[in-house]
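Read the structure below first, then the notes.
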Amino acid sequence: MSDLVNGVVLSSNPIRIKGEVLDLRGQQYGELTVIDFSKKDKQGRAIWKCLCSCGVTKDIRAQSLRSGAVISCGHIARQKSAKRMSCLNRTKDGASREDWYSNYNSMCHRILHGTQEDKKYYNSARINGVLLEPAWIDDPWMFYDEIGSKPGPDYTIDRIDSHKGYIPGNVRWANKHTQSVNQDRKPQGQSGYVGIQICEKGVNRRSRDRYLAFISVNGKKINLGTYLHLENAMRVRYDAEEKYGYHHTFKRPKGELVSEPDYTFGEHPGITYDKERKSWRATFSYDANPRKHKYLGSYDTLETAQQALNNATQMYKAGNRRFLNDRQRSRDGIIAISPEGKEYEFDSIADFHRQMNCKINLNRILKNGGSVTSKKSKFYQWFFKRKQLYNIDEGLLVA
């Protein structure tokens, strides 16, 4: 027997390939009674209109009805949940409805049912004595009497002494900053002290010559300065810990800050000799700080490099701190001298390659003295040199 409802054939023995649906009208499934066929969903599955024992009508898929996944409109699940919550509230005397209960529950879970990561921190090797007060496990209100009301949503439970457990007299409400301050810190890096790191060597050839002191407050790193003396960095870091309420991880060196020595390169401050290129390199350091420097150029003689450094120092003290940048300096032209003695000027190495239709390595040739010694090259016995586009006497700074 079959029937046509909403354009779908309902049958007691349906032919699925024709799109017919098994007739479930009048069937009882738990608290639900099938009233009539409703529709098919996008996947072609039948949906039936059902009447619950509580009087609510609801559309439910046939598959959910026949498998027993749905037995009511939802009122049975709500009743079970209410019963479970009432039992919980009777056991905890209504503590689960308080805003602090989630923190209390997390604390108990970390100690009693913690993960492997939790067990690394909450164990008898790291914590002296009892990990969690036994009376608090059965009665959360005893824990509330000890710690009091939660000040705000950003506060969590904190142990005053991190080497003791959650016991009376050692718990409090603390925000994120207080929690970060109240931690055991181990020194990281090569300095061997918390909050002090060794700066990378820059222009200075000596390694580990400067120490950077810093401290992190509310997730922000505060730079306390760089120092040549480790004791100065330790004093500044210790004073910052006092200011922001951090635990000390080392003793403060005696005395006050020691004056820092002036930074020099050796016999000629700011000038070094390049053995490979056989030239003098001039570098200007701002305020005697090796990490703030400006390369001025490479010169044939020490006197020329010293003159360039003096000009840069005068202009810097005068207040004009805009140095000629590296890009402008790299636009020095090229002078090519043929074996006959004729000179040819080019704006740059690229300009030479373009006009002479060649790709010889001029950088290597200039580095090795400027003459072409390969007999296979068409520029054999040619000589190359750079031409500077600025005059040292007029200064190395631009307006």
Side-chain angles (χ1 to χ4, degrees), residues 74 77-189 193-195 214-222 237-238 240-251:
R78 290 191 292 270
Q79 290 174 0
K80 290 182 179 180
S81 177
K83 183 179 180 180
R84 184 169 61 252
M85 291 300 297
S86 62
C87 293
L88 180 64
N89 291 339
R90 284 199 300 272
T91 303
K92 304 298 182 182
D93 296 328
S96 61
R97 291 174 291 188
E98 301 294 333
D99 59 348
W100 50 267
Y101 184 79
S102 60
N103 302 100
Y104 162 81
N105 192 32
S106 299
M107 176 189 68
C108 294
H109 187 272
R110 285 195 298 271
I111 302 300
L112 303 177
H113 311 288
T115 62
Q116 293 296 330
E117 192 68 22
D118 293 332
K119 293 178 181 179
K120 292 181 181 179
Y121 296 95
Y122 302 99
N123 55 64
S124 57
R126 292 176 56 90
I127 298 178
N128 302 325
V130 181
L131 299 180
L132 177 61
E133 178 66 26
W136 293 353
I137 301 175
D138 299 327
D139 190 356
W141 287 108
M142 292 186 64
F143 167 77
Y144 174 78
D145 294 338
E146 173 66 29
I147 197 171
S149 300
K150 187 176 180 179
D154 297 333
Y155 284 76
T156 55
I157 302 173
D158 178 43
R159 290 174 294 138
I160 299 175
D161 187 352
S162 59
H163 297 95
K164 296 181 181 179
Y166 294 97
I167 57 176
N170 196 46
V171 291
R172 63 180 177 182
W173 294 109
N175 55 18
K176 184 177 180 180
H177 172 65
T178 306
Q179 290 268 19
S180 63
V181 170
N182 190 24
Q183 290 181 356
D184 289 335
R185 289 176 170 80
K186 295 182 179 181
Q188 297 179 355
Y193 298 93
V194 176
F214 64 92
I215 192 170
S216 297
V217 179
N218 292 329
K220 295 183 178 180
K221 183 177 179 180
I222 301 176
R237 166 70 190 193
Y238 189 95
E241 291 175 348
E242 286 280 353
K243 178 180 179 181
Y244 296 104
Y246 280 67
H247 292 298
H248 299 303
T249 56
F250 54 82
K251 293 183 179 180

- Item | Heavy-atom pair of closest approach, residues Ile160 and Gly169 | CD1-O, 3.8 Å

- Item | Beyond-backbone contact of Asp118 with His113, side-chain heavy atoms, under 4.5 angstrom | no

- Message: Can you tell me how far apart CG (Asn103) and CD (Glu98) are? Round to the nearest 0.5 Å.
- Response: 12.5 Å

- Reported CG-to-CG distance for the pair Asp145 and Asp139, which is rounded to 0.5 angstrom: 8.0 Å

- His109 side, atom NE2; Thr115 side, atom OG1 - distance, nearest 0.5 Å: 8.5 Å

- Please report the closest heavy-atom contact between Arg126 and Lys120, naming both atoms and the distance. CD-O, 2.9 Å

- Message: Cation-pi check for Tyr155 against Lys150: NZ or CZ below 6.0 Å from the six-membered ring centre and within 45 degrees of the axis, yes or no?
- Response: no

- Task: Spell out, as yes or no, whether a donor-acceptor pair under 3.5 Å connects the side chain of Arg172 to the backbone of Ile157.
- Result: no

- Close side-chain approach of Lys243 and Ile215, heavy atoms under 4.5 Å: no

- Parallel, tilted or perpendicular, as decided by the 30° and 60° cut-offs, for the rings of Trp136 and Phe143: perpendicular

- Any donor-acceptor N/O pair, Trp173 side chain to Ser149 backbone, under 3.5 Å: yes

- Query: Are any side-chain N or O atoms of Asn105 and backbone N or O atoms of Tyr101, one a donor and one an acceptor, separated by less than 3.5 Å?
  - Reply: no

- Query: Would Tyr193 and Arg237 count as a side chain to side chain contact (heavy atoms under 4.5 Å, CB included) if you check the C-alpha gap in whole Å, the side-chain angles of each, and the deciding distance to 0.1 Å?
  - Reply: CA-CA 10 Å; Tyr193 298 93; Arg237 166 70 190 193; over 6 Å; no

- Message: Suppose we screen for side-chain hydrogen bond (donor to acceptor under 3.5 Å, both in side chains). Which residues come up paired with Asp154, at least two apart in sequence or across chains?
- Response: none

- Between CG on residue Asn123 and CG on residue Leu131, distance to nearest 0.5 Å: 7.5 Å

- Task: Give a yes or no on whether the backbone of Asp161 and the side-chain of Asn170 come within a donor-acceptor separation of less than 3.5 Å.
- Result: yes

- Any donor-acceptor pair under 3.5 Å linking the side chain of Tyr104 with the backbone of Ile137? yes

- Measure the shortest side-chain to side-chain distance between Trp100 and Ile147 over non-hydrogen atoms and say whether it is less than 4.5 angstrom. no

- Query: So, Glu133 side chain and Tyr166 main chain: donor-acceptor pair closer than 3.5 Å or not?
  - Reply: no

